[in-house]
> 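Pasting a structure here, questions to come.
Worth knowing before you read on, the calculation uses all heavy atoms, side chains too, and leaves out hydrogens, waters and symmetry mates. As the structure is a computational prediction, the values presented were derived from the model and not from experiment. Residue numbers run from 1 in the order of the sequence given.
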Amino acid sequence: MTSVDRSPRRESAAHVVGRRRFLGYVLAAPTLVAAAELGAAPAAEAGIPSPELTELLDLNDVMTAAALPTSGLITVEVRTDGTVSFALPRAEVGQGITTSTAMLIAEELDVPLERISVTLADARPELLFNQLTGASNTTVSTYHPIRVAAAVARGRLLRAAAIELGAAVTDLTLKAGVVTDLAGRSIGIGALAEKAASTTTGRIPVELKPREEFTVIGTPRGRVDALAAVTGRKKFAMDLDVPDARPTMVCRPPTINGKVGSVANLAGILAMPGVTDAAVISTGVAVRAETFGQCIDAVRALEVTWRPGTAEGQSDETVLKELRAAEPPLGLPPLTPSVEGKFTFHFRGNSALEPNCAVADVRPDRAEIWASLKSPIVAREAIAAKLGLPLHAVTVHVTEGGGSFGRKLFFDAALEAAEASRKMGKPVKLMWHRADDCRQGRAHPMATSRVRIDYLGDTVLAYKQRHTSVATDFGHGLGEIFTSLAARLPVGDIGFSETFFQLSQSMPYAFGASSRLLNETNKDFNTGSMRNVYSPDATCARELVVDRLAARMGKDPYRFRHDFLQDDRARAVLDKVAEAGEWGRTMPAGTAQGIAFHSEYHSVSAALVEIDCRPQTVDRPVRDGVAGPRVTKAVFAVDVGLAVNPRGLEAQMMGCVMDGIALALTSSLHLRDGHFLEASWDNYFYTRQWNTPPELRIIVMPTTTGEPGGAGELGVAASMAAVACAYGRATGTMPTSFPINHGTLSFTPKPTVPPVPASPTDGLDHAH
């Protein structure tokens, strides 16, 4: 059973904000085009600042500030057919931002949702950091600019209608895309699109709708692309009909980042059925054919001598040894009682449902690329440099993507497609095999985390956490944001990763002096900012030690958290899951509840789960898999301040809960002899039917702050931590290595040569 609560939308009088004045622009154009002018972020309410860094400035604030200077370059256009178009400078990868964006426009412009077209903008260098998707920032950073642009357009339409109808603007109403005067005469916005346009660009003051007048924002809406998705009409990169673009795949090395030494049978490969081209590129040997099946056959037939990769000879054991050697000390032994925990988090895969892919058409003097990209400006620059072309000669189109979770911040497929197309002199439709995603793609870094909490009596004196990780690659654009704003960040010169860590982690409990440090080592791996980045591991470690401290003090885990949480919003979500999940109810031996809290980006969340660790559950047979414990119930409460689309938020949180279960119990990559053993989703165990909770409940809390907070990644950390805490209570032993099933290899690893498994012959057995 899956259920959802949509609590009544209410907010305290302290947070009610009336109409807010902004400046916008009407731009010189044949039809009405409007934009925002936002020179500074909306002023924060006065108050005494907290010493907690993320209460002053967090990663989301930094990304919003970086996007602000170019917010006036994203525009709302009213067309003569009565529709409204908007080119969103972010990547839609299933999170539903095209829907929430359309809702913002519909609210402020009073146009039906179905008449608003939200497309994805091509790479636009002039947008700078306003075209980077990540850190749950899209709705936060675009909330005001989009609404202001729509409000400017609304004002221009009303003025144009006043002239046409011979009425005062104050006597007009705009509803459902039609302007009506007091006498009942009306005119559609399509007929006003050219009349409301301007021959010059000018500044216009506007007022945004107050929240008490919202009819769209905050209401649950279905996705604007739902019909296209379920009917197969939605277009992803591999669906595009680019003339003469043929399927292309790459034969990759047996170890991570190995390089081609020599190819013994290139001529023979070119003679295989359907094969049109083959070429050595920087990451392997690219093969172009009439079908992807023919590409797979050719990749499997290639005879390549490989040079060593960057992680040659490394394994889980060697990496863990290096991490432990690099762990910063927790400091001098405390003079008071303390509790400690030391945790290991193994490598995890970051492959979305849609395989890594891109289309490229490279000619001697230009290049055109199509791909789902979260950092298209950086991708365009890298592709231009790779091809030796001037930047203006490279066009990068952003397509919708089938999932990302951080993976599409990287543009390796687009870079490969460009290189292959240049060498072959033909357009290519390049797709990674699922084995490529697992073995050569982006992995969440292996890490350790040490936590110590000092206390005396019922008082917590200090919290220390030392997180040590294989290096996370921030070469996709986020690092450049930190560099550009370095002088304004209160973190000093501490590097990209440490800056990210400090700006994304918070201490929600009144735990005295709190300190968190990150140390990174080993840059031999292809790593990435997997969904929620450091937070799931860091929060899981913290919440487990919080459970241990509660037990040491003889207190209930829920009540302990409630008493130490520092603000009302945090306590409210925790109380909600405790109530809805019936915290403390009697359960059979071998089963237990777990509860956890996580906050980030001005949003708060809490999870309560129930887990079954009884032998008959743990040992139940699952084909080629490890069943292990099962989460039987999950209740999740979330407060993002203002949920633009509560239904979309619910869907996001459901996905986050599944992520959290996977990270705690089953999902990991096993490193051996310089390569990962997993080669497909039939042996990479994301949350499956056998450990999906039969009872799942998502609770969207009432509006509190009146402004949207970060949501896309929010639910992973609390969910993972709650599962870990439940496991500890059910078994009587605190788990210290994640995922819990990592120690059992349930499958026979597929060979690395050839690099991809054979295709199934009947389509009924294991599909790779």
Side-chain angles (χ1 to χ4, degrees), residues 22-25 27 33-42 57-77 85-93 95 97-98 100-102 104-105 118-152 201 371-382 391 394-401 404 406 408-409 411 474-486 488-489 500 503 529 601 644 707-710 712:
F22 291 87
L23 283 173
Y25 284 102
L27 306 183
V33 179
E37 179 190 20
L38 298 174
L57 181 76
D58 67 17
L59 178 63
N60 211 293
D61 297 326
V62 172
M63 293 187 67
T64 300
L68 201 60
T70 60
S71 59
L73 298 178
I74 55 178
T75 58
V76 171
E77 178 182 0
S85 68
F86 180 76
L88 178 65
R90 298 292 191 280
E92 170 63 77
V93 289
Q95 75 274 48
I97 57 174
T98 51
S100 56
T101 295
L104 298 180
I105 297 170
V118 178
T119 58
L120 304 183
D122 291 347
R124 295 178 57 191
E126 68 274 15
L127 289 176
L128 299 175
F129 303 122
N130 211 344
Q131 199 170 15
L132 182 68
T133 310
S136 306
N137 181 249
T138 295
T139 302
V140 176
S141 64
T142 63
Y143 180 69
H144 287 292
I146 292 172
R147 290 180 62 204
V148 169
V152 170
T201 295
S372 176
L373 300 166
K374 286 189 164 187
S375 54
I377 296 173
V378 181
R380 183 170 178 249
E381 293 169 346
L391 194 59
V394 178
T395 302
V396 171
H397 305 287
V398 180
T399 65
E400 293 203 33
S404 172
K408 289 180 170 65
L409 278 164
F411 42 86
F474 285 103
H476 44 56
L478 281 174
E480 285 81 350
I481 288 179
F482 300 151
T483 299
S484 68
L485 298 179
R488 295 161 57 187
L489 299 181
F500 193 114
L503 294 177
S529 307
Y601 311 149
V644 173
E707 298 282 333

> Step by step, would you call Y25 with V152 a side chain to side chain contact (heavy atoms under 4.5 Å, CB included)?
CA-CA 7 Å; Y25 284 102; V152 170; over 6 Å; no
> For residues G401 and K408, report the shortest heavy-atom separation together with the two atoms involved.
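Taking G401 first and K408 second, the nearest heavy atoms are CA-CE, 4.2 Å.
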> Atom CG in L68, atom NE2 in H144: separation rounded to 0.5 Å?
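Here the rounded value is 10.0 Å.
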> Any heavy-atom pair between the side chains of L59 and F500 that's under 4.5 Å?
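Answer yes - side chains close enough.
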> Measure from the side-chain N and O atoms of S375 to the backbone N and O of L132, and report whether any donor-acceptor pair falls under 3.5 Å.
no
> Taking Q131 for its side chain and D122 for its backbone only, find out whether a donor-acceptor pair lies under 3.5 Å.
yes
> For N60 and S136, indicate whether the former's side chain and the latter's backbone hold a donor-acceptor pair under 3.5 Å.
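Side chain of N60 to backbone of S136, a donor-acceptor pair under 3.5 Å: yes, one is there.
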> Applying the side-chain hydrogen bond (donor to acceptor under 3.5 Å, both in side chains) test to R90, which of N130, T139, T142 qualifies?
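The residue from N130, T139, T142 that satisfies side-chain hydrogen bond (donor to acceptor under 3.5 Å, both in side chains) with R90 turns out to be N130.
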> Test side chain to side chain contact (heavy atoms under 4.5 Å, CB included) on Y601 and V140; report intermediate values, then the result.
CA-CA 9 Å; Y601 311 149; V140 176; over 6 Å; no
> Minimum heavy-atom separation for A121 to R124, with atom names?
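Looking at all heavy atoms of both residues, the shortest contact is CB-CD, 4.4 Å.
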> I need the minimum non-hydrogen distance between V148 and A35, along with the two atoms involved.
CG1-O, 4.5 Å
> Mind running side chain to side chain contact (heavy atoms under 4.5 Å, CB included) on L128 and I377 for me, showing each step along the way?
CA-CA 8 Å; L128 299 175; I377 296 173; 5.7 Å; no
> Enter the distance from E126:CD to T70:OG1 here, rounded to the nearest 0.5 Å.
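That separation rounds to 8.5 Å.
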> Dump the intermediate steps for side chain to side chain contact (heavy atoms under 4.5 Å, CB included) on I97 and L88, then the final yes or no.
CA-CA 9 Å; I97 57 174; L88 178 65; 3.7 Å; yes
> For S71 and P145, indicate whether the former's side chain and the latter's backbone hold a donor-acceptor pair under 3.5 Å.
no
> Side chains of I74 and F86: does their closest heavy-atom pair fall under 4.5 Å?
yes
> Out of curiosity, L409 CG to L373 CG, how far, rounded to the nearest 0.5 Å?
10.0 Å
> Give, for atom OG1 of T133 and atom CE of M63, the distance between the pair rounded to the nearest 0.5 Å.
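So the OG1 of T133 and the CE of M63 are separated by 7.5 Å.
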> Got a second to check how far L391's CG is from E381's CD, nearest 0.5 Å?
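That separation rounds to 6.0 Å.
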> Give me the atom names and distance for the closest heavy-atom approach of V394 to R380.
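V394 and R380 have their closest heavy atoms at O-NE, 2.6 Å.
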> On a heavy-atom basis, which atom in A149 and which in V76 lie closest, and how many Å separate them?
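Taking A149 first and V76 second, the nearest heavy atoms are CB-CG2, 3.8 Å.
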> Please report the interatomic distance OG(S404) to CD(Q95), rounded to the nearest 0.5 Å.
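It comes to 8.0 Å.
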> Between T101 (side chain) and T98 (backbone), is there a donor-acceptor pair under 3.5 Å?
no
> Indicate yes or no for a side-chain donor-acceptor contact from D61 to the backbone of D58 under 3.5 Å, with no hydrogens or angles considered.
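Present.
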> If only atom types and distance count, is the side chain of S141 paired as donor or acceptor with the main-chain N or O of T64 below 3.5 Å?
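Pair absent, no side-chain N/O of S141 close to backbone of T64.
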